[in-house]
Amino acid sequence: QVQLVESGGGLVQAGGSLRLSCAASGRTFGSYAMGWFRQAPGAAREFVAAINWSGSNTYYADFVKGRATISRDNAKSAAYLQMNSLKPEDTAVYYCAADQWGLGDPRPVRYDYWGQGTQVTVSS
C-alpha cells in the first residue's frame with residue numbers, strides 16, 4: 001500500500017515556475033514508477049511525465065518537453081515535478097501516481113495509487 005500526498009501547487013503568473021512534490025508512505029516506494037498527470041475542468045486526465053523506479057528513465061508529454069523535469073529521491077520517498085515557463089493552459093489539478101510495475105507509463109490505468117491532487121493556476 002502506498003499513500004501519496006502532493007504539494008507545491010498555487011497561483012503563478014505566465015512564464016513563472018513551480019516545483020510540485022509528491023510525498024509517499026510505504027516501504028516499497030523505491031520499486032514503483034511515479035507519474036504526474038493533470039486534469040483541467042471539463043477535460044480528461046492527461047499524462048504529464050513519468051519516471052521509472054530507479055530514476056534512470058524519464059518520459060514527458062509533448063506539451064511539457066523542455067519545460068518540465070521529473071525527478072525522485074527514493075531515500076526520501078518523494079517525487080518531484082519542476083515546471084518552468086508556465087502557460088495559462090497549464091492550469092489544472094496535478095496528481096502524482098505510483099505504478100507497481102516500476103517502468104513508467106503514460107496510461108493512467110497502469111497506476112495503482114493516486115494522490116488527492118494539487119491545484120496549479122497560471123494567470124496571463
Side-chain angles (χ1 to χ4, degrees):
Q1 189 80 7
V2 176
Q3 292 184 323
L4 305 172
V5 179
E6 301 95 335
S7 62
L11 175 63
V12 63
Q13 289 188 332
S17 298
L18 280 176
R19 188 191 194 210
L20 306 183
S21 298
C22 176
S25 65
R27 292 175 291 178
T28 58
F29 174 80
S31 67
Y32 286 79
M34 298 299 296
W36 286 94
F37 294 80
R38 71 184 189 184
Q39 188 166 20
R45 190 167 297 190
E46 63 180 350
F47 171 73
V48 178
I51 188 167
N52 72 335
W53 66 275
S54 67
S56 60
N57 292 318
T58 58
Y59 311 90
Y60 296 94
D62 286 344
F63 59 78
V64 294
K65 281 182 180 176
R67 300 193 296 125
T69 302
I70 188 171
S71 60
R72 66 187 297 156
D73 185 337
N74 287 346
K76 295 182 178 179
S77 295
Y80 308 97
L81 182 69
Q82 175 71 41
M83 297 189 66
N84 304 318
S85 302
L86 284 161
K87 306 174 183 179
E89 52 263 43
D90 292 320
T91 295
V93 177
Y94 283 72
Y95 300 89
C96 69
D99 167 16
Q100 65 176 343
W101 292 103
L103 299 179
D105 197 289
R107 296 168 291 178
V109 295
R110 296 290 302 183
Y111 290 79
D112 306 286
Y113 303 102
W114 292 82
Q116 83 290 347
T118 185
Q119 176 71 47
V120 172
T121 303
V122 184
S123 64
S124 58

From Thr58 OG1 over to Arg72 CZ, what is the distance, rounded to the nearest 0.5 angstrom? 12.0 Å
So, taking the atom named SG in Cys22 and the one named OH in Tyr94, what distance separates them when rounded to the nearest 0.5 Å? 15.0 Å
Do Glu46 and Phe63 have side chains that approach each other closer than 4.5 Å (heavy atoms only, starting at C-beta)? yes
Test: Asp90 and Lys87 ion pair at under 4.0 Å: no
Any sub-3.5 Å donor-acceptor pair from Asn74's side-chain atoms to Ser77's backbone N or O? no
Determine whether Phe29 and Lys76 make a side-chain contact, defined as any pair of heavy atoms from C-beta on separated by less than 4.5 Å. no
Ring-face cation of Arg67 near Tyr60 (centre distance under 6.0 Å, axis angle within 45°): no
Has the side chain of Asp112 got a donor or acceptor atom that lies under 3.5 Å from a matching backbone atom of Gln100? yes
Nearest 0.5 Å, please: how far is CZ in Arg38 from CD in Gln119? 12.0 Å
Do the side chains of Tyr80 and Trp53 join up, straight or via other hydrophobic residues, at under 4.5 Å, putting them in one cluster? no
May I ask you to check whether Tyr111 and Phe37 place their ring centres under 6.0 Å from each other? yes
Give a yes or no answer on whether the side chain of Asp99 reaches the backbone of Ala33 with a donor-acceptor pair at less than 3.5 Å. no
Keeping Glu6 on the side-chain end and Thr118 on the backbone end, is there a donor-acceptor pair under 3.5 Å? no
